[in-house]
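Read through the structure below, which is laid out as structure tokens, and then see the notes.
These numbers come from a predicted model, not from an experiment. Residue numbers begin at 1 in each chain, while the letters A, B, ... track the order of the sequences.
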Amino acid sequence: MQYWLMKSEPDVFGIDHLYAEKGKKDHWDGIRNYQARNFMRDEMKKGDLAFFYHSNCDEPGIVGIMEIVSEAYVDHTQFDSREKYYDPKSTPDNPRWLMVDVKFKEKFNQIIPLREIKANPELSDMRLVQKGNRLSIMPLTQDEWNIINDMRVK
DNA sequence: GCCAACGTTGGC
DNA sequence: GCCAACGTTGGC
């Protein structure tokens with residue numbers, strides 16, 4: 001059992017999009033970074049939990065929880081030239097990019113802003129708050145997961 | 001294999 | 001919109 005943080009731009013796909021599909025699964029496509037892909041391929045397991053993080057928006061932060069409901073499999077959007085995430089160098093014989101399926105679990109009453117995560121000295125080792133981090137999928141320790149959960153507004 | 005140029009991410 | 005910090009690409 002592993003914990004994760006996964007980033008998405010709310011304008012493109014936010015927690016409300018996932019909430020609207022409550023009970024169903026959706027695929028987390030568009031990962032085009034090797035490190036993030038390798039995490040999905042090598043370490044992500046069915047049943048893992050992930051924080052849903054809103055990036056590149058007015059108020060970046062953690063907004064909810066989802067469950068990983070599949071192993072990593074081929075991301076079909078890489079083969080479609082009309083797709084934003086089209087990769088002309090990837091072929092169905094030798095696909096580069098993977099995705100996983102996720103399911104909505106929870107939406108927080110209030111966002112846990114990046115600002116507060118940064119201000120928490122217990123979380124200073126998290127990749128998210130270290131300078132220059134742009135990784136869109138990252139593992140969290142059990143401690144980090146618990147500390148962040150404790151920051152939620154009840 | 002080096003590295004400059006370029007593209008992207010994402011906070012502010 | 002700016003720009004720092006990366007990651008990727010491609011010429012050599």
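Atom CD of A:Q130 and atom P of B:dG11 are 15 Å apart (whole Å). Atom pair A:L135:CG and B:dT8:C1' shows a separation of 14 Å (rounding to whole Å applied). Between the CG atom of A:L128 and the P atom of B:dG11 there is a distance of 8 Å, rounded to whole Å. In this structure, A:N133 atom CG and B:dG10 atom P are separated by 8 Å, rounded to whole Å. A:K89 has its NZ atom 8 Å from the C1' atom of C:dT8, to the nearest Å. Atoms CD1 (A:I62) and P (B:dG10) sit 14 Å apart, rounded to a whole Å. Per the geometry, CE belonging to A:M138 stands 14 Å off P belonging to B:dT9, to the nearest Å. One atom, NZ of A:K84, and another, P of B:dG7, lie 16 Å apart when rounded to the nearest Å.
Residue A:N56 is the one, among A:Q35 and A:N56, whose nearest nucleotide of DNA chain C lies closer to the 5' end (criterion: closest heavy atom).
Distance from the side chain of A:K118 is smallest to B:dG11 among B:dG11, B:dG10, C:dT9. Which of C:dT9, C:dA5, B:dG11 sits closest to the side chain of A:R134 comes down to C:dA5. Taking the side chain of A:Y34 as heavy atoms from C-beta on, and the options C:dT8, C:dA5, B:dG10, the nearest nucleotide is C:dT8. Distances from the side chain of A:P60 to the nucleotides B:dG11, C:dG7, C:dT9 place B:dG11 closest. The A:N33 side chain lies nearest to C:dG7 when the options are C:dG7, C:dT9, B:dG10.
Phosphate contact (OP1/OP2 of B:dT9, side-chain N/O of A:K7, threshold under 4.0 Å): absent.
By the 30° and 60° cut-offs, the orientation of the rings of A:H54 relative to A:F52 is perpendicular.
Applying the 3.5 Å distance criterion, the base of B:dT8 shares no donor-acceptor pair with the side chain of A:R32.
When all heavy atoms of A:M138 and A:L128 are compared, the closest pair comes out as SD-N, 3.5 Å. Shortest non-hydrogen contact noted between A:P95 and A:S90 is CA-OG, 3.5 Å.
Counting heavy atoms of neighbouring residues, nucleotides and ligands inside a 6.0 Å radius, atom NZ of A:K45 exceeds 12 of them.
Side-chain polar atoms of A:W28 and A:D101 form no donor-acceptor pair below 3.5 angstrom.
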